[in-house]
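Below is one structure, written out as structure tokens; comments come after it.
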Amino acid sequence: MAAQRRAGPGGERRRPGGGKGRAPGTATATGRGWALRGAAPGAALLGSAVLVGGLLGWSLPGGRQGGAEVLARGSEAVRDRFVEVACSGDYGAGRRFEGCTPRKCGRGVTDTVITREEAERIRRSMIYNDKTFSRFFLFFNFCFLSQASILDLHSGALSLGKHFVNLYRYFGDKIQDIFTEEDFALYRDVRRRIQEKIAQVFGISSSAMYLTKPTFFSRINSSEAKTTHDEYWHPHIDKVTYGSFDYTSLLYLSDYAEDFGGGRFVFMDEGSNKTIEPRAGRVSFFTSGSENLHRVEKVRWGTRYAITISFTCNPDHGIGDPVLT
Ligand SMILES: O=C(O)CCC(=O)C(=O)O
Ligand SMILES: [Fe+2]
């Protein structure tokens, strides 16, 4: 049995400065991919100038804090919150896919799709598995000496300081001692529920959306960045950074202000940033174009865990769920 390593076509990540990634389909989980230094000129302006949205959800946003508007506080349980923004022109150039390509753009937050318990289960399964606790813990401690570690759930690529190891290759058949079928099943179910939520909120068809890569688990702490791979905090546009993304979702696995300080997610709108404070089980999702330029604040203390799960409308860029085969 080995973890499936389906490298879907396309999805090659664009590097800062326009360069291409390393080996396509392998090193798709680099910290660099988080960052887009010098994001597309004018993107900030565009992203913010188009902000038109009122709240379409049931609840009001968390309020203002230090000049930035808090879209969702860590201390509140958000039922469903959505802010519509005008779509950028980023979806017009290529092929449009009926029932999926965004016509409605915006950002949503919900604490009702994934439970805190599920988030904690995923976090635990990512950090260690009881059966192989000592070996895996040592291994991961080693990996996590660097500030930001990323595990690509599809390719198994794990950032290790300046290098990458392929976890699935490294552990081979023993991968099933680390991730169980239940872990993968939970992950698949979580992915499905997030996909349905996005489809519902944006008025598209869930069956017209495809999971795309990279989909990755991230762990960030406050130690010094050792390489550019650790520099997760740069403003970026996911569609530019990752190419194939049309809808991005983030599942948070730990709590802002409880487990870590800093590390808030910020939509960079002109004059008024909008902040999301991570909370275990919280899902934030948004259209991936320049209407949603964003960054992550530097983590000041503690450890922040999250999963990035993203969708494309182009079936050629779709990938399968990771499964233990
Ligand atoms: O972890 C986060 O809150 C955001 C990460 C991000 O921007 C990305 O994965 O592209
Ligand atoms: Fe991003």
Side-chain angles (χ1 to χ4, degrees), residues 11 13-16 21 28-37 39-40 43-44 47 68 70-72 74 88 90 107-111 114 119 122-123 126 147-154 157 159 194 211-222 228-257 259-268 273-300 302-312:
R13 304 166 97 190
R14 274 171 229 164
R15 296 296 175 190
T28 52
T30 76
R32 255 172 146 183
W34 281 346
L36 178 70
R37 252 137 297 169
V70 183
L71 206 54
S88 60
D90 298 353
R107 327 144 171 186
V109 182
T110 176
D111 292 330
I114 310 300
I122 293 178
R123 188 183 68 200
M126 293 295 172
Q147 180 185 40
S149 306
I150 314 173
L151 169 62
D152 185 311
L153 294 168
H154 295 267
S159 66
I194 292 175
L211 189 66
T212 192
K213 69 179 181 179
T215 282
F216 57 89
F217 171 77
S218 65
R219 177 196 192 274
I220 308 174
N221 63 28
S222 61
T228 50
H229 297 304
D230 289 345
E231 296 182 13
Y232 57 84
W233 56 80
H234 296 282
H236 64 280
I237 297 158
D238 286 351
K239 206 166 183 39
V240 176
T241 302
Y242 304 113
S244 59
F245 288 24
D246 288 307
Y247 298 91
T248 305
S249 76
L250 300 159
L251 167 60
Y252 292 110
L253 306 177
S254 50
D255 291 314
Y256 169 75
D259 299 318
F260 62 90
R264 294 180 304 172
F265 178 97
V266 184
F267 286 111
M268 301 177 70
N273 289 339
K274 311 287 185 303
T275 302
I276 294 175
E277 298 175 354
R279 170 184 164 105
R282 172 162 291 170
V283 176
S284 99
F285 53 94
F286 49 91
T287 43
S288 310
S290 51
E291 68 278 3
N292 281 317
L293 175 74
H294 60 274
R295 70 184 178 93
V296 177
E297 291 176 337
K298 286 189 182 178
V299 170
R300 291 197 309 273
T303 306
R304 177 194 200 266
Y305 298 96
I307 297 188
T308 299
I309 302 175
S310 300
F311 301 94
T312 182

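Numbering of ligands and ligand atoms starts at 1, following listing order.
When Leu250, Ile220, Thr248 are checked for heavy-atom proximity to atom 5 (C) of ligand 1, Leu250 turns out nearest.
Arg282 contributes atom CZ, which lies 9.0 Å from atom CG of Asp255 (distance to the nearest 0.5 angstrom). Atoms CZ and CG, on Arg279 and Leu253 in that order, are 13.5 Å from each other to the nearest 0.5 Å.
The NE2 atom of His236, the Fe ion (ligand 2) and the OD1 atom of Asp238 define an angle of 90° (nearest 10 degrees).
Close contacts between ligand 1 and Tyr252 involve ligand atoms 2 (C), 3 (O) [criterion: under 4.0 Å to a heavy atom]. For ligand 1, the atoms sitting less than 4.0 Å from at least one non-hydrogen atom of Val296 are 2 (C), 3 (O), 4 (C), numbered in the order shown with element in parentheses. Of all atoms in ligand 1, numbered sequentially from 1 with element shown, those under 4.0 Å from a heavy atom of Tyr242 are 8 (C), 9 (O), 10 (O). Remark: ligand 1 atoms within the under-4.0 Å shell around heavy atoms of Phe265 are 3 (O), 4 (C). Ligand-side atoms of ligand 1 in range of His294: 7 (O), range being under 4.0 angstrom from any heavy atom.
With Ser254 contributing its side chain and Arg304 its backbone, the two residues share no donor-acceptor pair below 3.5 Å. Under the 3.5 Å distance criterion, the side-chain polar atoms of Asp238 are left unmatched by any main-chain donor or acceptor of Phe245. For Ser288 (side chain) and Tyr247 (main-chain N/O), a donor-acceptor pair under 3.5 Å exists by modelled atom type.
Residues satisfying the ring-ring contact (aromatic ring centres under 6.0 Å, His included) criterion with Phe285, sequence neighbours excluded, are absent altogether.
The shortest N or O to N or O distance between Asp238 and ligand 1 is under 3.5 Å.
For Arg304, the closest heavy-atom approach to ligand 1 falls below 4.0 Å.
Looking at Arg295 against ligand 1, nothing comes within 4.0 Å, counting heavy atoms.
Geometric assessment of Arg295 against the ring of Phe265 yields a negative cation-pi assignment under the 6.0 Å and 45° thresholds.
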